[in-house]
Amino acid sequence: MQPSANTIVLAMQHRVLEYDGSWYGLLTLVFEVYEHKYQVSAIVNRLKEEIQSDFFAQNAMVTTNWQKAERVAKGLKAKVGAGSLEELYEAYLSEVKGVEMLILKAIQYYFSMQVAGNKNYAHPQIIEIKKIVKSVSRERHRMKAFVRFQRLSDDIYFAIVEPDFNVLPLIVKHFKERYADQRWIIYDVKRDYGISYDLCEVNEVVFGAENTGIDQKNIVTGWHEEEAFYGKLWNLYFKSVNIKERKNTKLHVQHVPKRYWKYLNEKL
Amino acid sequence: MSERALEKLAVLADAAKYDVSCSSSGSDRKNKNKGLGNTGAGICHTYTEDGRCVSLLKILLTNYCIYDCAYCVSRRSNDIKRAAFTVQEVVDLTINFYRRNYIEGLFLSSGIFKDPDYTMERLVRIAKKLRNEHNFNGYIHLKTIPGASQELIYEAGLYADRLSINLEIPTTSGLKLLAPEKDHKQMARPMDYIKNTIIQTKEEKKIIRSTPKFVPAGQSTQMIIGAAKESDWQIIHAAQHFYKAYHLKRVYYSGYVPISNDTRLPALGTAVPMVRENRLYQTDWLLRFYKFEASEILNPTNPLLDLDIDPKLSWALRNMHQFPVDINQASYEMILRVPGIGVTSAQKIIAARKFSKLRIVHLEKIGISLNKAKYFITCQGYQQQFVHMQADKIKHYILSQSASKYIKCNPQQIQLF
Ligand code: SF4
């Protein structure tokens, strides 16, 4: 059967858009959607997913363009403020499946509104975004709390983390401002990259293939001579502040979920 | 630092743990000249096995004490192991814990050895060393030793983010019975001095921007619950008085943990009054964030809090004539008073109702607790059918629907209503 004229028109408008997985890539994609009046049926992160094809839709690859992305960012800032733009960025860092589509829809909603749509706490997409942002935020907060530096013999303070979401970009500022006079590295072993501060600036670091297998065991071999002692003191402190008459394991585990224990030396 | 420090830490952290304050917020000390640390984040770096936040290295400088307060483990008549840190040991512990991201800072208290000034002078010296020699900008909370000279308290205020004096026992008669060497005036005097100096510093700062900080995170205090026979009304009344008269940032309530077989006190093995403690915290929140007056919740003829329901619900049930509240019309203040609606939800309601008239589905999404709120509100498409009902019937319904939540005790819950 020949497709009718109607389906052909539909097929021309519906797109599966692919982008490079970066935040600027996603903003560029938004720009293109407005420019070409695309109807988007799916967004594909080239870094992660196999390219899908949809019988009724055409695929298009978005080329990341810094200027286009900036224009979208600027427009959003003017419409809903820097805070809401930051929210979308945090939602993006969640890496939750389908989050790109959600971000696109939220942006379309914001631009369609006369008033500040980001305050509409009853709108379905906004609720969804806020929910994701809340979990990302919680994870960021946990990383600020649960990073445990170990002092190495070359005076670098080293920490391993395994966050649920990609939150390292969100904690750079906090650690840089706080630990301005010590060199440190926070390494995400799940995503295999880290952030490293050299007393001047923070850079991303990736330990190449020859260094794979960063784990607690090979860090211990590089410890500063005092590290074991302070680790022991901290462990002892943790045990000494407990009031056994008030024991409440359920509450404890709720605050410090078990999946974080492996990097908390007071829990060893 | 030597191995001996381990032993000291075990003794002096154990003795400090009954002070429940752990807050490290309320100050915004920036990291100066690429030094170490800053404050403002108020992070809990871990939680004790009883579920309390661990934010600060909370220790005593020493547990030797010349006083004999019955409710305190460090009292001089108690036969326990005694220890004392040196100034340098406290400094080293603080810096090394901080650099490893274990803590937000130091909370240093002490037994009173020799005399108040001798003790206070050492606390001040530690804070000064941290700030001046180590360029440490993390949080410092010092205990103000009652009876210490004003000069020392002033100096402490220059280095500390927070100062506190614990009232411990809110009634004069209770204090006389359990800590006859202490009196409330002795505690109120430095509180008053600190309050006035904070105000004065703020005024000076308006004119001379470089005026040094003075206790930027303010003062706090703690009361022990259930050691003397004080009522909830007496406790809350005292709390409100101290909030107003001395501009306290926080009042902490610490359920008495039996530590002695002194007959003036609850016997060893008596349960810690954790539910009561939780109800007092909720009441405290009502005073600070929900614009309630202490007398609306408790009074001399009605001196005890309900243990089975929270104080806001309890207030609402006694004041059914103020309900139902129309979600789409009522003032922010009134929406705040609805059981099941917290501060954030109330703010969201005010923001969201500008877009459309709110219905039950919206309220669900905003996250209010409808199983309580539904008895007290009307909104678009929702008529109040319970309003003619007796208060005790509503209470019964709410309790039967959420039995588990109210029976189990959760003393540190963040979502208070
Ligand atoms: S003065 Fe303080 S440390 Fe000494 S016994 Fe009294 S409460 Fe305890």
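To find a chain, count down the sequence lines: A is the first, B the second, and so on, and within it residues start at 1. In what follows, every heavy atom counts, from backbone to side chain, and hydrogens, waters and symmetry copies are set aside.
A:Q182 places a side-chain N or O within donor-acceptor distance of the main-chain N or O of B:R99, the cut-off being under 3.5 Å. When atom types are taken as modelled, the side chain of B:N101 and the backbone of A:K144 share a donor-acceptor pair closer than 3.5 angstrom. With hydrogens and angles ignored, the 3.5 Å screen pairs no side-chain donor or acceptor of B:K365 with any backbone N or O of A:I127. With B:D50 contributing its side chain and A:I243 its backbone, the two residues share a donor-acceptor pair below 3.5 Å. B:H45 places a side-chain N or O within donor-acceptor distance of the main-chain N or O of A:A145, the cut-off being under 3.5 Å. A:H252 contributes a side-chain N or O that, together with a main-chain N or O of B:T48, makes up a donor-acceptor pair within less than 3.5 Å.
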Evaluation steps, side chain to side chain contact (heavy atoms under 4.5 Å, CB included), between A:H174 and B:I43: CA-CA 12 Å; A:H174 171 80; B:I43 297 166; 3.7 Å; yes
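Of the listed residues (B:K34, B:E49, B:K58), the one with the most heavy-atom contacts under 4.5 Å to chain A is B:E49. Note on B:T39, B:V11, B:L57: by heavy-atom pairs under 4.5 Å with chain A, the leading option is B:L57. Of all the listed residues (A:W184, A:F146, A:F149, A:Y260), the one sharing the greatest number of non-hydrogen pairs under 4.5 Å with chain B is A:F149. Ranked by heavy-atom pairs under 4.5 Å with chain A, the first of B:T46, B:D14, B:V272, B:I59 is B:T46. Your options are B:P258, B:A5, B:A10, and the one with the most heavy-atom pairs under 4.5 Å with chain A is B:A10.
A:N242 places none of its side-chain heavy atoms less than 4.5 Å from the side chain of B:K17.
For B:G35 against A:A180, the heavy-atom pair with the smallest separation is O-CB, 3.7 Å. Closest of all the heavy-atom pairs between B:Y102 and A:G231 is OH-CA, 3.9 Å. For the residue pair B:L6 and A:L233, the shortest heavy atom distance occurs at CD2-CD2, 3.5 Å. Of all heavy-atom pairs spanning A:Y237 and B:L56, the tightest one is OH-O, 3.1 Å.
Looking at A:F175, only its side chain comes within 4.5 Å of chain B, counting heavy atoms on both sides. Residue B:N33: no heavy atom, backbone or side chain, is found under 4.5 Å from chain A. If you measure heavy-atom distances from A:Q150 to chain B, you find no contacts under 4.5 Å at all. In this structure, the portions of A:E177 lying under 4.5 Å from any heavy atom of chain B include both its backbone and its side chain. For B:R359, no part sits under 4.5 Å from any heavy atom of chain A, backbone or side chain. Interface remark: A:Y157 contributes side-chain atoms only to the contact with chain B (heavy atom separation under 4.5 Å). Contact of B:S2 with chain A is made through the backbone alone, with heavy-atom distances under 4.5 Å. Contacts between A:Y230 and chain B at a heavy-atom distance below 4.5 Å involve backbone atoms as well as side-chain atoms.
Residues A:Y179 and B:N31 have side chains that never bring a donor and an acceptor to within less than 3.5 angstrom of each other.
Crowding of A:K239 atom NZ: a count of heavy atoms from other residues, nucleotides or ligands under 6.0 Å exceeding 12. Heavy atoms of other residues, nucleotides or ligands lying less than 6.0 angstrom from NZ of A:K77 number 12 at most.
Atom CZ of A:R246 and atom OG of B:S254 lie 6.5 Å apart (nearest 0.5 Å). One distance of note links CG of A:N248 with OH of B:Y47; it measures 13.0 Å at 0.5 Å rounding. Taking CG of A:L236 as the start and CG of B:L9 as the end, the distance is 5.0 Å to the nearest 0.5 Å.
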